[in-house]
Amino acid sequence: MIKVNGKDFQWEEGLTVQKMLEKKNYTFPHIVIKINGKYIPPEDYQTTIINKGDDVEAIHLITGG
Amino acid sequence: MNVEQLKAAHKLLAEYRYTPAKLDRGYANKSLYINLSENKIEEKVVTETMKEKFIGGKGFGLWYLWNAVTPETKWNDPENEIVISPGPIGGITQYPGAGKSLVVSISPTTGSVVDSNVGGYFGPLLKFSGWDALEVQGKAEKDVIIFIDGNNGLVTIEESPEEAVDSHLLGEQLTEMFADNEEDKRNISVVSAGTAAEHTLIGMLNFSFYDARRKAVRLKQAGRGGIGTVLRDKKIKAIVVKFRGVKGNLNNVADFEKVSKTGIKLHKEIYNGDDKQNKMRLRGTTFLVGIMNDYDLLPTNNFKFGSHPKGKEISAPKWVERFNYTGKSDGCWYGCTLSCCKVMCDFELKTGPYKGQKVIIDAPEYETIAGVGSNCGIFDIDYIAECNFYCDTYGIDTISFGTLTAFLMECYENGIINKEITGGLELNFGNKEAAMELLHQMSRGEGFGKIAGQGVRKCKELFIKEYGADANFLQDIAMEAKGMEYAEYLSKESLAQQGGFGLANKGPQHDEAWLIFMDMVNNQLPTFEDKAEALHYFPMFRTWFGLVGLCKLPWNDIVPEDNGLTDEPAKVPEHVQNYVDLFNGVTGKNITKEDLIAQSEGVYNFQKVFNLRMGFGTREYDKVPYRSVGPVTEEEYLSRQERYDGQLKELLGMDPEGMSTQEKMAALRKYREEQYEKLCDAVYERKGWTKNGIPKLETLKRLGMDLPEVVEVVKRYL
Ligand code: SF4
């Protein structure tokens with residue numbers, strides 16, 4: 001298990017930020033990712049691995065409206 | 001079109017000559033007052049106190065309206081006003097999104113004070129003509145136009161019997177009539193409504209601008225609250241402003257370099273970042289449709305559901321294929337590089353009085369697509385575009401029309417209304433022909449369209465009284481609060497968004513607070529205090545745009561590349577600083593980001609007291625229909641059973657096994673309704689209001705809003 005925005009989420013071997021976003025269907029363009037408090041720039045989403053037990057924040061910024 | 005003939009039929013009723021004021025630090029320091037009952041035209045001085053306490057835009061509108069009406073004034077009384085004001089930053093060309101006007105009036109649907117913001121060139125041209133605000137009171141006997149010539153210092157009221165009423169025609173006629181030549185057309189802006197605004201209560205105002213590249217008049221809308229209906233009730237066909245000579249520093253700002261530098265920074269950011277972020281320049285706000293569908297937030301079938309498999313058919317890629325691009329930006333005022341205003345050219349109409357004609361459409365924005373589209377169960381972009389065109393030209397608010405039609409469809413499907421009552425319209429979800437005919441009936445003032453055009457609240461009351469509808473069910477599914485139809489976001493899973501809608505001063509309009517992602521997806525606002533803080537900050541921040549004349553989209557639809565690294569990314573701190581710099585650069589004042597919020601708080605509390613003065617504004621008026629809070633029907637519950645069962649377990653500690661759906665729904669409802677009440681308590685507390693939603697005297701004092709007339713109203717409630 002990992003945490004995504006404070007809620008449990010199923011972990012799997014080789015889970016990258018990109019894969020996590022796809023699995024969550026997080027298609028919003030303005031997302032800030034932090035893993036255990038560390039900021040991950042968008043160009044690293046494909047290569048950054050999420051480890052079991054990590055605390056991931058996928059902060060969607062306000063937009064539209 | 002023979003405009004000479006139209007013009008020859010005009011009869012001059014009043015004329016006023018003036019010396020146009022040169023702007024000083026964003027202000028003309030004068031406003032224009034017109035009374036149509038008396039054919040009176042006057043100027044008023046804008047005082048330092050007004051600028052200090054009310055800033056401009058919506059603030060000026062509220063102040064003038066407050067002084068014009070009594071607690072007994074109804075929307076169609078002559079003393080009701082339409083006030084249009086752009087604010088001190090409005091009109092600058094250095095920073096994206098500075099062409100907005102705020103319109104204030106007593107609303108036909110809410111009965112209280114309403115404000116609506118709009119692009120188009122009218123506000124800036126009005127200011128450059130020497131007026132910080134236009135205040136129109138009284139009622140004409142016959143159709144009139146008001147013409148403001150900012151170069152020659154002339155204001156006239158003219159009877160205008162021959163012009164069209166529908167905006168796409170009227171805008172063209174008046175632009176042609178008052179322009180000296182093709183080049184001059186860009187110096188003209190027309191405010192108008194349309195034929196349906198005459199026969200319904202949900203009329204809106206079009207503010208025009210001339211698109212020189214496409215050689216066409218385009219329209220932006222002040223949609224909310226029925227102000228177009230007020231315009232036509234006053235027998236105003238149009239208000240026209242003409243000003244030649246827009247250039248870089250007409251606002252005569254205090255620190256041009258500061259304003260200019262701040263603008264260049266954002267222009268660069270948009271050029272470098274927009275393609276990687278929301279792609280507003282390509283897609284406009286249509287990009288939100290697909291996203292809302294993905295996150296289960298796209299209103300579908302009268303806000304029952306938040307997504308639909310056909311959502312893709314009305315999402316951005318489908319629109320992009322149909323938009324007309326010229327390779328240049330499509331902003332609604334000079335200098336808006338974010339340019340979200342998309343266009344569809346040569347669109348052939350399939351229905352209505354203009355059937356077969358090819359027209360230019362200001363392409364649907366997110367709210368329209370969700371409102372007249374998914375929320376009515378219609379996933380057809382040609383229908384949505386045509387409906388958008390007719391709503392615009394007839395002068396109907398697309399949000400209200402969408403939410404209203406969706407409500408009628410649910411009533412129809414539940415047998416509350418039937419073919420006999422609707423005069424043959426089969427208003428099932430998805431029936432686009434019936435929906436379109438309803439709109440045409442509104443324009444003609446005929447049949448069921450005339451009844452429907454009274455808005456959701458009045459239809460609800462009528463169906464209960466006349467057709468024996470179950471009052472509780474209708475109360476739950478009628479998506480209105482304070483008499484205004486809901487804007488198009490599904491708020492069921494975000495308590496903060498429920499509050500954003502329910503607690504908004506004017507009614508459930510998203511421009512005050514849009515917190516779904518922060519609350520529901522990010523889980524960033526776990527406590528009531530967190531939610532209350534967000535429901536304090538964001539409405540105040542967004543209110544400010546309406547005080548100064550700015551569009552909110554360039555605040556957060558594009559963000560600096562390193563925004564994610566800041567302490568509070570949701571606030572976009574660098575852009576907040578931009579606004580502080582802009583205000584100081586224009587006015588020469590020295591406000592901080594905290595002062596910016598305090599400016600809004602003052603006006604916001606004034607608006608709240610205005611509501612109280614008009615007999616509204618206490619806690620009971622912040623109630624919302626249960627459809628915006630949770631699942632009303634078994635169909636809704638079962639469609640997301642896993643989610644709701646999970647909530648019963650996690651939040652209420654109940655075991656859903658063995659409970660009937662009705663029992664589960666009742667338990668969840670009790671919980672959700674209690675949560676909403678607790679939220680109200682927390683927000684009132686944070687705002688410095690009593691439990692009944694009344695601003696405390698110390699709050700008004702802190703904000704410098706303890707004017708004797710304000711205190712007098714509040715004291716009655718304390
Ligand atoms: S972002 Fe869009 S609505 Fe806002 S000012 Fe620019 S063009 Fe107009």
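The figures here come from the full heavy-atom set of this structure, side chains too, leaving out hydrogens, waters and symmetry mates. Proteins get letters first, then strands, A, B, ... in listed order; numbering begins at 1 in each.
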Handout entry: Side chain, backbone, both or neither of A:K34 within contact of chain B (heavy atoms, under 4.5 Å)
Key = side chain
Problem - Residue part contacting chain A, namely of B:E561, when any heavy atom lies under 4.5 Å - result: backbone
Fill in the blank from the handout: When every non-hydrogen atom of B:N278 is compared with those of A:H30, the smallest separation belongs to ND2-NE2, 3.5 Å
Handout entry: Side-chain donor/acceptor of B:Y295 to backbone N/O of A:F28, under 3.5 Å
Key = yes
Practice task
Using a cut-off of 6.0 Å, state whether more than 12 heavy atoms not belonging to A:Y39 lie near its atom OH.
Solution key: yes
Exercise for the section: Under 4.5 Å, counting heavy-atom pairs only, tell me which of A:I33, A:N25, A:V32 racks up the most with chain B. Expected result: A:N25
Problem - Backbone N/O of A:G6 and side chain of B:N523: donor-acceptor pair under 3.5 Å - result: no
Practice task
Select one option (side chain, backbone, both, neither) describing which atoms of B:Q524 are under 4.5 Å from chain A's heavy atoms.
Solution key: side chain
Practice task
Step through the shown structure and confirm whether more than 12 heavy atoms of other residues, nucleotides or ligands are within 6.0 Å of CD on A:Q46.
Solution key: no
Problem - Approximate separation, where rounding is to 0.5 Å, of B:D294 CG and A:K24 NZ - result: 13.5 Å
Handout entry: Pairwise distance CE(B:M520) to NE2(A:H60) - rounded to 0.5 angstrom
Key = 9.0 Å
Handout entry: Partner residues of B:S116 under the side chain to side chain contact (heavy atoms under 4.5 Å, CB included) criterion, sequence neighbours left out
Key = B:A222, B:R224, B:I227
Problem - Contact class of B:N563 relative to chain A, heavy atoms under 4.5 angstrom - result: side chain
Exercise for the section: Kindly give the heavy-atom pair with the smallest separation between B:P569 and A:L61, and that separation in Å. Expected result: CB-CD2, 3.6 Å
Completion exercise
One should read off an interatomic distance between B:F517 CZ and A:N5 CG, to the nearest 0.5 angstrom, of 11.5 Å
